[in-house]
> 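Take this structure, written in structure tokens, and hold onto it; I'll ask about it next.
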Amino acid sequence: MTNSQVRVRFAPSPTGYLHVGGLRTALYNFLFAKKNNGKFILRIEDTDRNRYVEGAVENLIKALKWAGLQYDEGPDIGGPFGPYMQSQRLDIYKKYADELISRGKAYYCFCTPERLEALREEQQKMKLPQAKYDKHCLHLSNSQIEENLAKGIPKVVRLNVEPDQKIEFDDIIREHVEFDSNNVDDQVLIKSDGYPTYHLANVVDDHLMQITHVIRGEEWLSSTPKHVLLYDAFGWERPKFAHLPLLLNPDRSKLSKRQGDVAVEDYRDKGYLREALINFVALLGWNAGDDKEFYYLNELIEKFSLERVNKAGAVFDLQKLNWLNAEHLRRKPDTELLLLLKEEISKSELKDKNIPDGKLLLIIAAMKERVTFVKDFIFNCMYFYKSPSEYEQKAVEKNWREDTPQHLLKLKSEFEKLVNPTKEDYEHALSKVADELNIGKGKLIHPLRLAVSGQSTGPGMFDLLFILGKDEVLNRIESAIKNIKV
Ligand code: GLU
């Protein structure tokens, strides 16, 4: 290879959205490139016209950008090895397929779908482990081929896989891998519509784009012998391979849509932070060799190595993702959370409320340790924004006694005396009332929390009072006394 610089690529097929498994592949490629001062390339493998989905490329690019995985070369930004969309490179694949044909490494096949189907049925009846093409067209004479081509008979180009060969390669993660060429089909390289298959386009592009390491999901491991044969047939140096472990559901089945969200957009829309999703996805099959689980992207770049990627499937544990989301959120500066919260508010029923930043910052400080998502600053504590319209029934039963209204009225009149109260002022006033009534503070705090928030749990009581402000607190005590019935 002429280039000693690390060059890796993420090569998705645009099928609609970016799967979390795809995000993991993109991330590992990105980390490996950054760690090694290499280049990270985005290549769109869109040669399967049946799977083409409108808008899918834009979605992919948007999701990668959202995740912060900026590539150095790609369809929208160009680069020295473009175009980076395979559908714009058809002439290139044709040229290389012709080269293989002229060297006897590939051949035209004119078999009809009916013949192929009959062959498959026959092989199934014989209980062969997999259906394989019988090389029928490999034996056509040159004149037959010329005649068929001249007549325009539909054709494909197939790889000529020699039987009885051992196909070997080394994989950074799977180590030494061997396949028997008798189990490898004479793969179609160019389809009857003139488009290349994944195998041909992938190998030609990886070579022409000077890719040094192919890092991709394990589901592509069984394609690799075909690719290795192609590299050898062309006389090209093979890249290094690294096949990443499968992603599994907690029941160890293959990660599927059925058991939860698989699109990066779904996680984004649910309010996961990009930092948390990246951190989580990085740990799906990799660790630095210690127990550390919290990482920022720059630390991942520093620590990442392909050698530390596991062979075993990685279980997708949503609880861990939630935990990481809460951790990342907690470590963000309040000013950044303020912007995120305002964005969330603008999408919520509170959008016209004009809540001052100062109040929002107090809510953030009071709730930071208690939330998982930014939207929890709204929906887990609506009482900061609106007076309660109902009161938690269980807490009413537990904490609202016959003498509670009387106690709260006394507390209310003590609060009324306060001028611009701080949280300490509320606290002193409450202690004073508890002493005068000769009751424990809890006997006041529980019903007071219920009265002002409608709930039995929340942030520190006096923080809550301070954030609500005196007038609001007094009003809420009054309404609770009116509305809570035991
Ligand atoms: N186009 C393949 C995909 O959709 C790429 C596999 C590879 O990286 O070689 O994942």
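In each ligand, atom 1 is the first atom listed, and ligand 1 is the first ligand listed.
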> Please state which protein non-hydrogen atom is closest to atom 6 (C) of ligand 1 and give its distance, to 0.1 Å?
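Going by distance alone, atom 6 (C) of ligand 1 is nearest to Tyr198 OH, 3.4 Å.
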> Closest non-hydrogen protein atom to atom 8 (O) of ligand 1, residue and atom name please, with distance?
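In this structure, atom 8 (O) of ligand 1 has Arg9 NH1, 2.7 Å as its nearest protein heavy atom.
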> Give the ring-plane orientation class for Tyr231 versus Trp236, where under 30° counts as parallel, over 60° as perpendicular and anything between as tilted.
perpendicular
> Nearest protein heavy-atom contact for atom 1 (N) of ligand 1: which residue, which atom, what distance?
Glu45 OE1, 2.6 Å
> State whether Phe304 and Arg308 meet the cation-pi test: NZ (Lys) or CZ (Arg) under 6.0 Å from the six-membered ring centroid, and within 45° of the perpendicular axis.
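Not flagged: Arg308 not positioned over aromatic ring of Phe304.
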> May I have the list of side-chain donor-acceptor pairs in residues 57-67 shorter than 3.5 Å, sequence neighbours left out?
unit_1, atom_1, unit_2, atom_2, d
Asn59, ND2, Gly16, O, 3.0
Lys65, NZ, Asp76, OD2, 2.9

> Tell me whether the NZ or CZ atom of Lys292 lies within the 45° cone about the ring axis of Tyr295 and under 6.0 Å from its centre.
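So Lys292 does make the cation-pi contact.
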> For atom 3 (C) of ligand 1, which protein heavy atom lies nearest, and how many Å away is it?
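Going by distance alone, atom 3 (C) of ligand 1 is nearest to Trp220 CZ2, 3.4 Å.
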> Could you tell me whether ligand 1 has any atom less than 4.0 Å away from a heavy atom of Glu219?
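For ligand 1, residue contact (heavy atoms, under 4.0 Å) with Glu219 is absent.
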> Which heavy atom of the protein is the closest neighbour of atom 5 (C) of ligand 1, given with residue, atom name and distance?
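Protein heavy atom at minimum distance: Ala11 O, 3.0 Å.
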> On the ring face of Phe40, is Arg7 found with NZ or CZ under 6.0 Å from the centre and within 45° of the axis?
no
> Please find the pair of heavy atoms, one from Leu149 and one from Tyr108, that lie closest to each other, and give the distance.
CD1-CE1, 3.8 Å
> Taking both backbone and side-chain atoms of Val214, is any N or O found less than 3.5 Å from an N or O belonging to ligand 1?
no
> Counting each atom of ligand 1 from 1 as listed, which ones have a heavy atom of Asn202 under 4.0 Å away?
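So the atoms of ligand 1 that pass are 7 (C), 9 (O).
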